[in-house]
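A short worksheet on the structure shown next.
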Amino acid sequence: MFAPRVFVSMIGALAAFAVATYYLNGSLASTAIQTLICAVLMQVGYFAAILFRVWKEARERRRVSLQKPFVTAEAANDEKQSGKVPLRRLNRPHHFNS
């Protein structure tokens with residue numbers, strides 16, 4: 001859900017809703033109130049959709065992380081003995097003073 005595209009689509013839908021509501025009611029005040037309520041409901045729906053997508057992604061990441069094999073101490077010792085530098089050591093922040 002690309003936010004600018006969603007907002008433009010929402011404005012278009014609200015404009016169509018406002019025109020249809022004014023055509024059916026004939027009241028400008030009623031149309032404004034109903035369109036405002038519609039806008040709030042659309043924003044709540046967009047927020048709920050984003051929360052759902054974040055929750056789904058977090059659940060998927062958690063599932064993938066649980067499937068990875070755990071590194072045992074023996075495997076870590078073998079890696080050190082083979083002369084390989086672990087990636088964690090390369091990604092550590094270094095101080096400029098040392």
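Everything numeric in this text was worked out from a predicted model, so none of it was measured. All heavy atoms count here, side chains included; hydrogens, waters and symmetry mates do not.
- Note on Tyr22: it does not cluster hydrophobically with Ile33, by side-chain heavy-atom contacts below 4.5 Å among ILVMFWY residues.
- A cation-pi arrangement is not found for Arg53 relative to Trp55, the charged atom failing to lie both closer than 6.0 Å to the ring centre and inside a 45° cone about the ring normal.
- When all heavy atoms of Phe17 and Gln34 are compared, the pair lying nearest together is CE2-O, 3.4 Å.
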Could you check Phe52 against Glu57 for side chain to side chain contact (heavy atoms under 4.5 Å, CB included), going step by step and ending with a plain yes or no? CA-CA 9 Å; Phe52 176 73; Glu57 180 68 24; over 6 Å; no

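- Both Met42 and Ile50 are assigned to one and the same hydrophobic cluster, defined by single-linkage of ILVMFWY side chains at heavy-atom distances under 4.5 Å.
- Residues Thr35 and Thr31 approach most closely at OG1-O, 2.7 Å, considering heavy atoms.
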